[in-house]
*Asks:* 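My structure is below; once you've seen it, I'll send some questions.
The figures that follow rest on heavy atoms only: side chains count, while hydrogens, waters and symmetry mates do not.
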Amino acid sequence: LVTWSAFSTGGTIDVFGRSYDLIRVSIGNISGGVRISWNTRPGIRYQVQRSTDYRNWSNYGSSRVATGYGDSIDITGGSAFAVYRVVRVQ
């Protein structure tokens, strides 16, 4: 998939002319864990997902409806390897 910046849409456009909003995720340390933060659009539903093998993903908590332009979730108490992603729920 080839994408490039598209200032008129506020997202990106692929070679087929489809518009997408990029979800930019950042991770920061907090006491006893990490905070995952991402950009949002108000009214859109997002889901944090977790994987231990980069192939099989499971939902982490409930989906969240954005009320502003950013959201975050704290992940604490775990020591096992895991990766996280944030997906837009259709």
*Asks:* Taking the side chain as everything from C-beta on, heavy atoms only, tell me whether Ile44 gets closer than 4.5 Å to Val65.
*Replies:* no
*Asks:* Please tell me if the side chains of Gln49 and Val87 come closer than 4.5 Å, counting only heavy atoms from C-beta onward.
*Replies:* yes
*Asks:* Which residue pairs pass the side-chain hydrogen bond (donor to acceptor under 3.5 Å, both in side chains) test with at least one member in residues 29-40, sequence neighbours excluded?
*Replies:* Arg35-Asp74
*Asks:* Is the closest side-chain heavy-atom distance between Val48 and Asn59 below 4.5 Å?
*Replies:*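 With C-beta onward as the side chain, the pair stays apart.
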*Asks:* Please tell me if the side chains of Ile73 and Arg64 come closer than 4.5 Å, counting only heavy atoms from C-beta onward.
*Replies:* yes
*Asks:* So if you build clusters from Ile, Leu, Val, Met, Phe, Trp, Tyr with side-chain heavy-atom gaps below 4.5 Å, do Val83 and Val86 land together?
*Replies:*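 Each belongs to a different hydrophobic cluster.
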*Asks:* Would you mind reporting whether Tyr84 and Ile27 have side-chain heavy atoms less than 4.5 Å apart?
*Replies:* no
*Asks:* About how many Å separate CZ of Arg85 and CD1 of Ile36, when rounded to the nearest 0.5 Å?
*Replies:* 12.5 Å
*Asks:* So is Arg50 actually on top of Trp57's ring, under 6.0 Å and inside 45° of the axis?
*Replies:* no
*Asks:* Find the distance between OG (Ser51) and OH (Tyr60) and round it off to the nearest 0.5 Å.
*Replies:*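 Reported to 0.5 Å precision, the distance equals 14.5 Å.
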*Asks:* Can you tell me if Ser63 uses its side chain to pair, donor with acceptor, with the backbone of Gln47 under 3.5 Å?
*Replies:* no
*Asks:* Nearest 0.5 angstrom please: Tyr46 OH to Arg88 CZ, how far?
*Replies:*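 The distance works out to 5.5 Å.
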